[in-house]
Amino acid sequence: MKKFAILLSIAALAACAEEAPAPVDQEEVAAQETSLGLPGKDEFTAAYAATCPEAAPVESTLCEAVGLGQSEFTCDFALEGDASQSRTGTLTATDGEWTLAANEEICSAE
């Protein structure tokens with residue numbers, strides 16, 4: 001029985017002596033995150049102007065992530081002079097910039 005207790009103690013000490021995981025380099029983590037950050041009104045306005053150059057300017061916008069770790073955001077927005085009508089668009093991080101998925105409803109003046 002004493003031999004079993006000694007072996008159990010040695011096994012416990014061996015388990016504690018295992019190497020700890022390597023520390024995470026914060027700069028490496030930051031490099032893995034998207035360099036674009038979260039889209040705000042300025043980012044959405046620029047993407048909207050590129051997609052719909054002849055449409056009215058964006059007055060307000062609110063963007064939410066589609067899912068955790070996703071590069072897509074769903075944005076509710078209103079155009080200048082038509083704040084009562086809310087529209088929805090999808091921003092995607094593509095090649096280091098935000099792009100707006102275009103459809104007829106987004107660019108229409110109605």
Side-chain angles (χ1 to χ4, degrees):
M1 187 66 148
K2 287 184 180 182
K3 289 181 183 180
F4 180 71
I6 292 173
L7 289 175
L8 186 60
S9 298
I10 292 173
L13 286 174
C16 292
E18 289 181 16
E19 273 188 46
V24 177
D25 184 15
Q26 294 301 328
E27 291 179 17
E28 184 178 316
V29 171
Q32 292 175 355
E33 294 178 2
T34 178
S35 61
L36 294 175
L38 299 175
K41 182 180 178 191
D42 293 338
E43 292 80 12
F44 182 84
T45 301
Y48 184 78
T51 304
C52 309
E54 296 181 14
V58 174
E59 182 173 309
S60 62
T61 185
L62 176 66
C63 298
E64 295 179 336
V66 172
L68 186 62
Q70 299 292 319
S71 62
E72 287 188 345
F73 288 79
T74 299
C75 300
D76 294 324
F77 66 100
L79 299 178
E80 204 170 88
D82 192 17
S84 63
Q85 183 178 4
S86 180
R87 301 165 188 236
T88 302
T90 302
L91 277 182
T92 304
T94 308
D95 297 328
E97 63 183 18
W98 291 109
T99 56
L100 183 63
N103 63 35
E104 290 179 21
E105 295 174 7
I106 289 177
C107 295
S108 70
E110 297 178 9

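Computed from heavy atoms alone, side chains included, the values below leave out hydrogens, waters and symmetry copies. Just so you know, these numbers come straight off a predicted model, no measurement behind them. In this chain, residues are counted from 1 in sequence order.
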What residues, two or more places apart in sequence or in another chain, satisfy side-chain hydrogen bond (donor to acceptor under 3.5 Å, both in side chains) together with D76?
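By the side-chain hydrogen bond (donor to acceptor under 3.5 Å, both in side chains) rule, D76 matches T88.
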I'd like to check the side-chain hydrogen bond (donor to acceptor under 3.5 Å, both in side chains) partners of T99; sequence neighbours left out, ordered by chain and number.
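Listed in chain order: T94.
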Which residues share a ring pair (Phe, Tyr, Trp, His ring centres under 6.0 Å) with F73, sequence neighbours left out:
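Partners of F73 by the ring pair (Phe, Tyr, Trp, His ring centres under 6.0 Å) criterion, ordered by chain and then number, come out as W98.
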Can you name the residues that form a side chain to side chain contact (heavy atoms under 4.5 Å, CB included) with E72, not counting sequence neighbours?
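Scan of E72 (side chain to side chain contact (heavy atoms under 4.5 Å, CB included), adjacent residues dropped) gives V66, T90, T92.
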Residue list, side chain to side chain contact (heavy atoms under 4.5 Å, CB included) with A49, at least two apart or on another chain
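Listed in chain order: nothing, the list is empty.
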Side chain proximity check, I106 to C52, heavy atoms < 4.5 angstrom
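Yes. Closest side-chain heavy atoms under 4.5 Å.
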Determine whether P57 and T45 make a side-chain contact, defined as any pair of heavy atoms from C-beta on separated by less than 4.5 Å.
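P57 vs T45: side chains apart.
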Closest approach of [X] and [Y], non-hydrogen atoms and distance?
X   : Y    : answer
Y48 : C107 : OH-CA, 4.3 Å
E59 : E80  : OE1-CA, 3.5 Å
L91 : A47  : CD2-CB, 3.6 Å

Are F44 and L38 joined in one hydrophobic group, where the rule is that I, L, V, M, F, W and Y side chains link up if heavy atoms are under 4.5 Å apart?
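Yes, one cluster joins them.
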